[in-house]
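Just below is one structure, and these are the notes that go with it.
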Amino acid sequence: MTELPAPPAAPAALPVRDWPLSRRVRLLRNVLPPLIVLVVAVVELLIAGLQNPRSEVWAHLLFYGLVGPAATFFSVEWIAQGTRARERAERELRATYAQLSASHGQLQAVQELMRDLSGAPDLGAVVEVAARGAVRATGAAHATLTVPGGLSAAAAGEGGMGEARFPLRVPIPGGGALALHFTEPPTPQTEALAQAIAAEVATGVEAARQRTLDLMTLYSVDQSIRAERNMRRLLARVTRNMAERVQAGARAAYLRDQDGLLRLEYAEDWTGEQGGRGSLAPAFVERVAEAGTPLVAEDGEAAEVFPGATSALGFPMRDEQGLVGVLVLGDERTGAFEDARLPLLALLAAQAALGVRNARAYLYSEELAISDERARIAREIHDGVAQSLAFAALKLDVVARQVHSEPEKAEEEVRAATVLLREQIKEVRRSIFALRPIDLERYGLLETVRRYVEDFGQQNDVRTTLNITGDIHLAPGDEAVVFRILQESLNNVAKHARAREVTVSLHGGHRVTLRVQDDGAGFDPEQVSGRVSSAGGLGLMQMRERVESRGGKYRVLSEPGHGTLVEAEVPQA
């Protein structure tokens, strides 16, 4: 037989005083009427047994005048007790609900404060958001928040200051304080809530400071990448910024060469800058390159990179073309990089990859420019000086044959050869002067122009005049372009113009204007606009392109027999 489930256990009997109101009403409704009828019947029977009519009257008065009202009173009182208990429970429930609602509102205000703190862009915004959030969460009439560094903010509730006679001051962990003012004395719960808000504010302030420091680091690295063209100095700056973020004592940079091998380019530890440039990368560096993500060195790997180190952290440098190299940080402390902020350091490594690409491109452009300059010098020597010297040598050979038979002709040929040699000596000196390096960074544009114009006049036996007016403030790149135009223009004067006087003017206003004017032979610009000059390798067209690429203007005014005017304009910085 299937065993039937046991009936549910009867609930434990409650004392009568704890019965709910509905049970009391149901009991009285079901029991009281028949009980009254039974009692009345029994009493009437008993009274009917009395033989004395006067006794019957007193018995009825006693029963209906005292017992009936007493029974009714106690019955109603019993129901009233249940009603009062129900009302008390309802009041307690409403109070509990009010407390829960207030707690929910405070919790929601704290959550909104945390969200706003995490989204604040800077420390000033964090302080303002925290002051407003503290007012919303605690219900204070007014709040004032101060943090180290002189920053502070205040906020008032919807009702304004009012009768805010009860202050509450809570210290902020790490420095500063949160001052709250209430219209009523704050409860212990409110004080605890204020303490929690102060802790969240401290977290938000520290996060904002960290973000600011990260941005400053990124800006510093970006400036290093833009301004630095020397590979070793570039890697030194980038790795130093990364090492300072995690207090690392050693740093190294390995770059991929043209054969795809990783070789040491720069290394420095707690003893100073290390040698070994060009050495192949150790196993840990190769592992970072293969992984393509930041890695922490395992046991023994750190010492292979930095002797004496027990911790190492590697970052690959990658760009759209692939792996550029690997940056490694090291330290003597065990577990030194367990709490390192890898995303920021990885971003710095990516920025370094861009800097390495730029530095390599600059080095390649320098090598290409040197190669082109060598080819140009060789061509000029071959086409100019070499042919003239060969011609002079032929004349001297003729002189050797004529010196005895025709001494007068021989003397004439010697004089012609002498004139030719002197001209070539001047040409060689002009080339050397034009190729001489100029240190714009050391002397500045104005002093460099003054020196160059003065030396040009002395070297070429030309009277020079320099006029500088106005304020001149140019970017370094624009200064180089202006000086290059001056250099090319004066070289053309020396080589082609046969001028006796040159006037150079440099005027600063809304734009910086350079003018180079000579009293030489002049030329037709249409016929020589694409010609390459002998000293700098720039023709008129190339000079125009350089100036226009900087947002400036370039023009040449000349005609045969009336000299030449070169004018270039570039915007002020």
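Computed from a prediction, not measured in an experiment: that's the story for all the values here.
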Any side-chain heavy-atom pair from [X] and [Y] closer than 4.5 angstrom?
X    : Y    : answer
L345 : R245 : yes
I172 : L145 : yes
N467 : L506 : no
I472 : L446 : yes
E286 : L262 : yes
L514 : L486 : yes
F483 : L445 : yes
T310 : D331 : no

When you measure from the side chain of [X] to the backbone N and O of [Y], does any donor-acceptor pair fall under 3.5 Å?
X    : Y    : value
T239 : A252 : no
S311 : R333 : yes
D319 : G322 : yes
R263 : G278 : yes
D478 : L474 : no
E301 : E298 : yes

Exercise for the section: Using a strict cut-off of less than 4.0 Å between a Lys/Arg side-chain nitrogen and an Asp/Glu carboxylate oxygen, indicate whether R287 and E290 qualify as a salt bridge. Expected result: no

Problem - Salt bridge flag under 4.0 Å for residues R232 and E273 - result: yes

Give the table of side-chain donor-acceptor pairs shorter than 3.5 Å for residues 565-573, with sequence neighbours excluded, one pair per line with atom names and distance.
residue	atom	partner	partner atom	Å
E567	OE1	R515	NE	2.5
E567	OE1	R515	NH2	3.1
E567	OE2	R555	NE	2.9
E567	OE2	R555	NH2	3.2
E569	OE1	R511	NE	3.4
Q572	OE1	H473	N	2.8
Q572	NE2	D471	O	2.6
Q572	NE2	G509	O	3.0

Practice task
Check the pair E265 / R277 against salt bridge (Lys or Arg N to Asp or Glu O under 4.0 Å), numbers first and verdict last.
Solution key: CA-CA 5 Å; E265 183 69 23; R277 180 178 178 183; 2.7 Å; yes

Practice task
Test side chain to side chain contact (heavy atoms under 4.5 Å, CB included) on L490 and Y452 and set out the steps.
Solution key: CA-CA 10 Å; L490 290 180; Y452 192 84; 3.8 Å; yes

Exercise for the section: Carefully, step by step, assess F315 and L295 under the rule side chain to side chain contact (heavy atoms under 4.5 Å, CB included). Expected result: CA-CA 7 Å; F315 297 89; L295 294 179; over 6 Å; no

State, to 0.1 Å, how close [X] and [Y] come at their nearest heavy-atom pair, and which atoms those are.
X    : Y    : answer
A194 : L178 : O-CD2, 4.5 Å
A309 : A302 : O-CB, 3.8 Å
R251 : A243 : CD-CB, 4.2 Å

Handout entry: Residue pair H507 / T469, side-chain donor-acceptor N/O under 3.5 Å
Key = yes

Exercise for the section: Can you establish whether the number of heavy atoms outside D461 located under 6.0 Å from its atom CG is more than 12? Expected result: no

Practice task
Test Q274 against D269 for side-chain hydrogen bond (donor to acceptor under 3.5 Å, both in side chains), laying out the working first.
Solution key: CA-CA 7 Å; Q274 302 300 305; D269 61 14; 2.9 Å; yes

Exercise for the section: Decide yes or no on ring pair (Phe, Tyr, Trp, His ring centres under 6.0 Å) for Y266 and Y254, but give the supporting numbers first. Expected result: CA-CA 7 Å; Y266 172 81; Y254 292 82; over 10 Å; no

